[in-house]
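A quick note: this is a predicted structure, and the numbers were derived from the prediction, not measured. Counting starts at 1 for both ligands and their atoms, following the listed order.
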Amino acid sequence: MKPIRKAVFPVAGLGTRFLPATKTIPKEMLPVVDKPVIQHVVEEARAAGIEHFIFVTGRGKGAIEDHFDVAFELNATLDQRGRKADLDRLKQDTPLPGRTSFTRQQEPLGLGHAVWCARDLVADEPFAVLLPDMLHEGPTPCLADMIKERAHHGGQVIAAYEVPENETHRYGILDLKGETEGSPQIRAMIEKPQKGQAPSRFAISGRYILSPKIFDILESQQRGAGGEIQLTDAMVTLMRDEPFHAHLFRGHVYDTGHQLGFLTANIAYALKRPDLAHELRLILKDLM
Ligand code: G1P
């Protein structure tokens, strides 16, 4: 079984839900506490042993590329000022030379199209996809657990979590075979079902381990929900030939693509920080 070495991060979205904040700043650079959302997700990938980070970007997303580069002047200034801890942290966060790639989506045709844009960079090996909007916080990193599960049963692995009935229309929804514990096989999936049509409340949470065969399917994938080329639709086709398992993530998933999810993530992550938690608790009590 080939190892999972590469991860694709689709970061071309315009982030219109966060205007005016995202007029000049990529939405993926908005901070959850003091790290950009995208960095939280890249760290999850690193913790799972990912070696190469592929970003599918678009116009105005240069800050992401700069963020994962060495900031020579900043490092020199921190060094002069004796800020060793800050400097060490920046160095530790920077991927090794040659381990990042950036390609552009050029047209906003949907998630399936964004993933397809990475086909030459991924080439002929299984790979991971991580959607930066979705932060997974649990006892162990989500992608690392998915890779372990794949070692057991092979095939593709999709992470999912339970959402309230009235939110199923916002996600890809899974129909699971048999039990809803561990890593059940997936029978079917549907992208953004209409209200009342969802086969379950298990929503795709934005973490995927896929075979490169998905690229051939995406090549001719017709537009689906929202008039976009959907990754879920291409996975439905691949499912005819290859098994798909769900990784039912039991930690917290924060959908930072919406204001409330973004705010909740900031509070939840800050409450986990020993340097902030106590005072933040007092402030929150006061505000309520
Ligand atoms: C995408 C996927 C969807 C998934 C969701 C998670 O939708 O197409 O299946 O449930 O991410 O955030 P999007 O949020 O891009 O509309």
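Counting only residues at least two apart or in different chains, side-chain hydrogen bond (donor to acceptor under 3.5 Å, both in side chains) contacts with residues 275-288 comprise R273-D275. For residues 215-236, the set of pairs meeting the side-chain hydrogen bond (donor to acceptor under 3.5 Å, both in side chains) definition, not counting sequence neighbours, comprises W116-E219, E191-T232.
Sorted by chain and number, the heavy-atom contacts of ligand 1 below 4.0 Å come from L111, L131, M134, Y171, G172, E191, K192, I204, Y208, Q230, T232.
Donor-acceptor pairing under 3.5 Å is lacking for the side chains of H245 and E149.
Linking Ile, Leu, Val, Met, Phe, Trp and Tyr whenever their side-chain heavy atoms come within less than 4.5 Å puts I214 and L131 in one cluster.
With ring centers used as reference points, F102 lies 6.0 Å or more from F68.
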Output a table of donor-acceptor pairs, distance under 3.5 Å, between side-chain atoms of residues 9-23 and any protein atom two or more places apart or on a different chain; print 'none' if there are none.
from	atom 1	to	atom 2	distance (Å)
R17	NH1	G257	O	3.1
T22	OG1	G15	O	2.7
T22	OG1	F18	O	3.4
T22	OG1	L19	N	3.4

